[in-house]
Amino acid sequence: MTSPVWAQNDAKAWLIKMNQATKTLNYEMSFVIVHNDKAEPWRWFHGTIEEQEREILTALNGPGQQLIRKGDTLTYLQPEQAAYSIKDTVSHGPLPEILRTDISHVEQSYDFHLMGKSRVAGLPARLIRVLARDAARYDYWLWLHEDTGLLLKSAIVNKNNEILEQLQVSHLQVTNEPSEILQEIHQAELPEAFTIKNSAPMSAVDWQITWIPAGFEPVKVDRHYLFGSKNLVDYVMLSDGVVWFSVYLRRLDTDETIAATALSSGANSYLTKQINQAEVTVIGKVPLPTAEKLIGSIRWD
């Protein structure tokens, strides 16, 4: 994973190195996600077997939650729910999306800055700042291991340089061969995967979002029932390669009204408003004003 001398001082080259290291190296990592004075510890095993990725992410607190990757198939194991597998490119897990995304796509909406050297978890690191070109999204600070390019620490930061959420690695071990637990995952029979479309036209729904922050694109559009309810919703996931957020639209009964609700928790925003005879909700790691502007731009034919 060595880089040419010129690349050692190039922020984009470091991000590409991170991307390649994340997907190709064999490693075990322990990390904690911190937000709102809460700490969520995770353990991450990753490796390549038969030229395909194998990984398992395990939540160490609570009743237990696991995410397993076998190539492009993701399996979710959660307590009191049946395990299921999907073929997908976006995982609903604890890791930043930028670890696997196309860096050339990211630079359409962000600037990259190499800030210097540091130490994280006792290891030498380079700090890369991924700075949004507008106020519609947050900035990201990434500390990358000097030797491998693997992520050692990340922070989601607002325009006042206030840290909203952090990921901090406490242990990293890189090995020549995949760990035994990944060999077991490789042999295990997991639920058959179903495919989720990763792109769909907005014409799949009968309403439009007339303002979307530059660089964000719909990556999922569908209509489904909310888990555990009989409420049918239109669902749109939007991503800029660094972060994704979701828009839900539920038709209201003729006499039904809902009160507006706005909440922020760390980097996460939750906003619900009634637009015409529909309840619209935006959830994700975007500033609350972004969610408000987006909901206000929804139109019907």
Drop me the distance from [X]'s [atom1] to [Y]'s [atom2], to the nearest 0.5 angstrom.
X	Y	atom1	atom2	result
K70	L182	NZ	CG	11.0 Å
Q166	I156	CD	CD1	10.0 Å
K23	M18	NZ	CE	9.5 Å
I128	L144	CD1	CG	5.5 Å
I86	T73	CD1	OG1	9.0 Å
S104	K12	OG	NZ	3.5 Å

So which atom in [X] and which in [Y] form the shortest heavy-atom distance, rounded to 0.1 Å?
X	Y	value
P287	A136	CD-O, 3.3 Å
T290	P213	CG2-CG, 3.7 Å
P178	T48	CG-O, 3.4 Å
S297	I209	OG-CG2, 3.6 Å
E146	W14	O-CH2, 3.6 Å
V233	R250	CG1-CB, 3.8 Å

Between [X] and [Y], is any pair of side-chain heavy atoms under 4.5 Å apart?
X	Y	answer
V205	L249	no
K17	R126	no
L288	L263	no
V174	D147	no
H171	R43	no
K273	V282	no
Q168	V120	yes
L95	W42	no

Parallel, tilted or perpendicular: rings of W44 and Y27 (30°, 60°): perpendicular
Aromatic plane relationship, F216 with F245 - under 30° parallel, 30 to 60° tilted, over 60° perpendicular: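 Aromatic pair F245/F216 classed perpendicular.
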Criterion side-chain hydrogen bond (donor to acceptor under 3.5 Å, both in side chains) on T261 and Y270, from CA distance to verdict: CA-CA 8 Å; T261 302; Y270 175 94; over 6 Å; no
Applying the 4.5 Å side-chain criterion to the ILVMFWY set and letting contacts propagate, would [X] and [Y] be lumped into a single cluster?
X	Y	answer
L271	I258	no
M29	V34	no
L25	I56	no
L60	I68	no
Y140	L114	yes

Flag for S239-E97: side-chain donor and acceptor within less than 3.5 Å: yes
E53/R100 salt bridge by N-O under 4.0 Å criterion: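 E53 and R100: salt-bridged.
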Is the side chain of [X] donor-acceptor paired with the backbone N or O of [Y] at a distance under 3.5 Å, no angle test?
X	Y	value
D240	V243	yes
T101	V242	no
Q274	N276	yes
D111	L131	no
H46	T22	yes
N268	I283	no
Q277	D253	yes

Atom [atom1] of [X] with >12 non-hydrogen neighbours under 6.0 angstrom:
X	atom1	value
R129	CZ	yes
D37	CG	no
Q52	CD	yes

Geometric cation-pi criterion, R137 with Y110: 6.0 Å, 45°: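 Judged by the rule (NZ or CZ under 6.0 Å from the ring centre, within 45° of its axis), R137 counts as positioned above Y110.
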Trace of the side-chain contact (heavy atoms from CB on, under 4.5 Å) decision for L238 with L294: CA-CA 11 Å; L238 299 136; L294 185 142; 4.2 Å; yes
Option among K285, R133, K159 that satisfies the salt bridge (charged side-chain N to carboxylate O under 4.0 Å, His left out) test with D139: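 Testing each of K285, R133, K159 against D139, the sole residue satisfying salt bridge (charged side-chain N to carboxylate O under 4.0 Å, His left out) is K159.
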Residue that, paired with W207, satisfies side chain to side chain contact (heavy atoms under 4.5 Å, CB included) out of V236, I275, V280: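 Going through V236, I275, V280 one by one, the side chain to side chain contact (heavy atoms under 4.5 Å, CB included) with W207 is satisfied by V236 alone.
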Test side-chain contact (heavy atoms from CB on, under 4.5 Å) applied to L15 and F112, step by step: CA-CA 9 Å; L15 293 175; F112 309 143; 3.6 Å; yes
Verdict with supporting geometry, Q183 and R54, side-chain contact (heavy atoms from CB on, under 4.5 Å): CA-CA 9 Å; Q183 298 287 355; R54 300 288 183 267; over 6 Å; no
Stepwise side-chain contact (heavy atoms from CB on, under 4.5 Å) test for R251 and D234: CA-CA 9 Å; R251 273 75 174 175; D234 290 341; 2.5 Å; yes
